[in-house]
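First up is the structure itself, then whatever we jot down about it.
Worth saying up front: this structure is predicted, and the values here are computed from it rather than measured.
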Amino acid sequence: MKFTLTILFAILSFTTLKAEKKWVLRTEFPDFNYYAELKCTDSLNCFAFVSTYDHSVIYKSIDQGQSWFEFSAFNRNKPIWDSVRSIYQSLVFDSLQMYMNFKNEAVLEKSIDGGRTFKRVYFEELYGTPSVERLYAIAMYDKNLGASITRTNLIYTYDNWDTYTLVPRPDSIYSGSPIFFIDSNNIAVLKFLAKSDEFMRYNIPNDEWSQYNIGEVLLGAEENKCMVDLAIVNDSLIYACGFQFTGVADRAKDLIWKTTNRGKSWKLILEKEHEIGVGSRRIAFKDENHGIAVGNWGKVLETTDGGESWFQHPYQDEMRSGGTEIAWAGEMPLFGSTSSGIFRLETVTEVEELSSDEKFRVYQSGRNLEIAINDPTQNQYSFELYNQTGQRLLTRSVGSGGGFMFEPLELIELSNGAYFYTISSGRGVEFSGKLVVAE
């Protein structure tokens with residue numbers, strides 16, 4: 001039986017179509033135990049940086065992640081005592097330039113031929129002190145200007161790492177990632193002490209550190225908000241994701257920020273705890289509006305309206321792992337799981353989508369409603385469904401949070417006809433609508 005659900009509102013009513021999709025496993029790497037990252041320059045050039053206990057391999061896809069092949073085993077023949085084995089982070093700048101830094105040493109592997117061969121860059125002042133130094137992050141402004149960060153130093157280069165300059169980090173900076181270029185003269189470095197959504201700026205020509213943006217001051221026992229990954233869309237628009245521990249075991253809220261002035265100020269557009277409560281760890285945007293944030297154990301959040309609203313994808317057991325990655329192969333999202341492999345988000349069927357007002361939004365998803373309540377106080381609300389005679393048929397509790405985060409609400413089997421619903425808080429009914437079911 002096919003149901004068409006139409007929700008009528010006094011102020012606003014419209015219907016659009018969206019695709020119902022599912023993550024499909026496209027490749028497995030059973031011999032490996034650690035993913036570094038997924039990176040794509042376009043739909044025909046995607047790379048998976050994969051490590052095992054004694055070497056690392058780069059896999060490549062040229063068909064939007066549908067199939068993968070071993071592209072470069074850059075250190076397969078290195079001796080076992082060579083500590084540069086497990087990739088910590090990767091950067092694919094364009095179709096020719098890519099970089100890798102490592103968990104155990106302050107060294108950099110760079111390629112200028114699209115990953116076919118690599119040259120190792122040693123930072124002589126730091127190399128050989130793995131307990132103290134490693135490269136936490138790397139950023140490139142153009143083909144020659146780049147920067148990285150270690151526990152005690154900022155490093156920058158003007159010649160694609162043929163030479164470099166070390167700059168001592170201020171005591172106020174203790175985080176290693178993320179970093180990014182504000183412009184060709186200024187580098188933004190996340191400040192980790194006391195405020196973790198706050199950046200310091202290093203001006204290269206003047207060799208000068210200064211405050212870049214003002215973050216949120218957290219007082220008392222509340223845990224810090226921790227920004228961990230960036231999606232740089234254009235010269236001004238950046239999204240960021242992270243987490244905030246709740247104080248209950250290791251549970252954490254998902255946090256997502258947005259800036260339209262290259263990080264000079266940030267707006268927290270999503271702040272809510274979702275199952276599984278581990279926070280968001282990676283974020284990627286296809287364009288200004290369509291992006292995905294992921295957390296460990298298979299959590300996936302998606303937006304199609306520039307972060308104004310978010311949907312949480314249903315959990316798939318095979319995607320659950322302690323490490324996850326997200327990338328866009330052109331129009332196709334790719335998800336990497338340390339336990340399973342690489343998945344693509346593929347269309348399964350078409351469903352009807354419906355929307356509501358500024359605080360309350362209601363969508364259809366198959367036999368469910370998707371409800372989002374933008375309330376930073378994170379109060380609980382009550383959804384109640386009635387027939388035309390006023391008989392209450394259904395009552396469900398619905399959560400809220402900072403930003404529109406949709407939660408599924410399963411409907412009971414309904415016969416054809418009109419139904420009414422209300423959404424209430426402790427202040428009484430705050431929203432209502434009409435639901436028409438037709439066979």
Side-chain angles (χ1 to χ4, degrees), residues 89 136-139 147 149 151 154 169-183 186-203 209-247 250-274 277-285 288 291-296 299 301 303 306-308 310 326 374-378 401-405:
Q89 191 184 65
Y136 286 108
I138 183 171
I149 195 83
R151 183 177 178 183
L154 174 71
R169 286 170 29 165
D171 292 339
S172 59
I173 296 177
Y174 194 71
S175 102
S177 183
I179 66 172
F180 66 95
F181 278 91
I182 302 167
D183 53 40
N186 294 280
I187 305 167
V189 182
L190 190 66
K191 184 178 180 180
F192 196 69
L193 298 183
K195 297 181 283 290
S196 60
D197 55 352
E198 183 170 280
F199 286 84
M200 296 288 287
R201 171 171 49 195
Y202 177 71
N203 181 271
W209 291 93
S210 62
Q211 194 77 33
Y212 184 50
N213 74 299
I214 302 300
E216 180 180 356
V217 178
L218 300 178
L219 302 175
E222 188 176 10
E223 293 282 350
N224 287 331
K225 291 179 169 66
C226 187
M227 188 181 291
V228 297
D229 194 32
L230 303 178
I232 300 177
V233 180
N234 54 42
D235 289 343
S236 57
L237 178 61
I238 305 175
Y239 293 89
C241 74
F243 58 91
Q244 181 183 27
F245 288 113
T246 64
D250 291 329
R251 297 187 66 85
K253 299 177 185 177
D254 292 288
L255 304 179
I256 298 177
W257 294 263
K258 182 178 183 178
T259 176
T260 56
N261 55 11
R262 196 69 178 183
K264 184 62 178 176
S265 60
W266 295 86
K267 179 181 179 182
L268 189 61
I269 58 175
L270 179 65
E271 179 183 8
K272 187 177 179 182
E273 182 181 355
H274 307 97
V278 293
S280 296
R281 308 294 172 136
R282 292 289 183 267
I283 190 167
F285 269 72
E288 291 85 351
I292 295 178
V294 298
N296 294 346
K299 178 187 293 182
L301 310 176
T303 181
E308 186 175 343
W310 294 82
I326 187 71
N374 183 6
D375 180 0
T377 64
Q378 302 186 39
F404 287 103
M405 184 64 219

For the student: nearest non-hydrogen atoms of [X] and [Y], plus distance:
| X | Y | answer |
| --- | --- | --- |
| Glu271 | Leu255 | CG-CD2, 3.5 Å |
| Met227 | Pro178 | O-CD, 3.8 Å |
| Ile187 | Ala147 | CD1-CB, 3.7 Å |
| Phe181 | Ala139 | CE1-O, 3.6 Å |
| Ala240 | Leu230 | CB-CD2, 3.6 Å |

Measuring from atom [atom1] of [X] to atom [atom2] of [Y], what distance do you get when rounded to the nearest 0.5 angstrom?
| X | Y | atom1 | atom2 | answer |
| --- | --- | --- | --- | --- |
| Ile173 | Lys191 | CD1 | NZ | 8.0 Å |
| Ile283 | Ile238 | CD1 | CD1 | 11.5 Å |
| Glu288 | Tyr239 | CD | OH | 8.0 Å |
| Ile269 | Thr303 | CD1 | OG1 | 7.0 Å |
| Leu237 | Thr260 | CG | OG1 | 7.5 Å |
| Ile138 | Ile179 | CD1 | CD1 | 8.0 Å |

Measure the shortest side-chain to side-chain distance between [X] and [Y] over non-hydrogen atoms and say whether it is less than 4.5 angstrom.
| X | Y | result |
| --- | --- | --- |
| Glu198 | Leu190 | no |
| Met200 | Gln211 | yes |
| Ile232 | Arg262 | yes |
| Lys272 | Lys253 | no |
| Tyr202 | Arg169 | no |

Run the numbers on Arg151 and Tyr136 for side chain to side chain contact (heavy atoms under 4.5 Å, CB included), then give the verdict.
-> CA-CA 8 Å; Arg151 183 177 178 183; Tyr136 286 108; 4.1 Å; yes
List the residues meeting side chain to side chain contact (heavy atoms under 4.5 Å, CB included) with [X], not counting sequence neighbours, and say none if there are none.
| X | result |
| --- | --- |
| Ala188 | Phe180, Ile182, Phe199, Tyr212 |
| Ser280 | Cys241, Asp254, Ala293, Leu301 |
| Ala284 | Ile326, Trp328 |

Axial cation check for Phe243 ring with Arg281, 6.0 Å and 45° limits = yes
Report the residues that fulfil side-chain hydrogen bond (donor to acceptor under 3.5 Å, both in side chains) with [X], sequence neighbours left out, ordered by chain and then residue number.
| X | answer |
| --- | --- |
| Asn186 | Asp183, Asn203 |
| Ser236 | Asn234 |
| Asn261 | Thr259, Ser265 |

Mark yes or no for whether Ser177, through its side chain, and Ala137, through its backbone, hold a donor-acceptor pair below 3.5 Å.
-> no
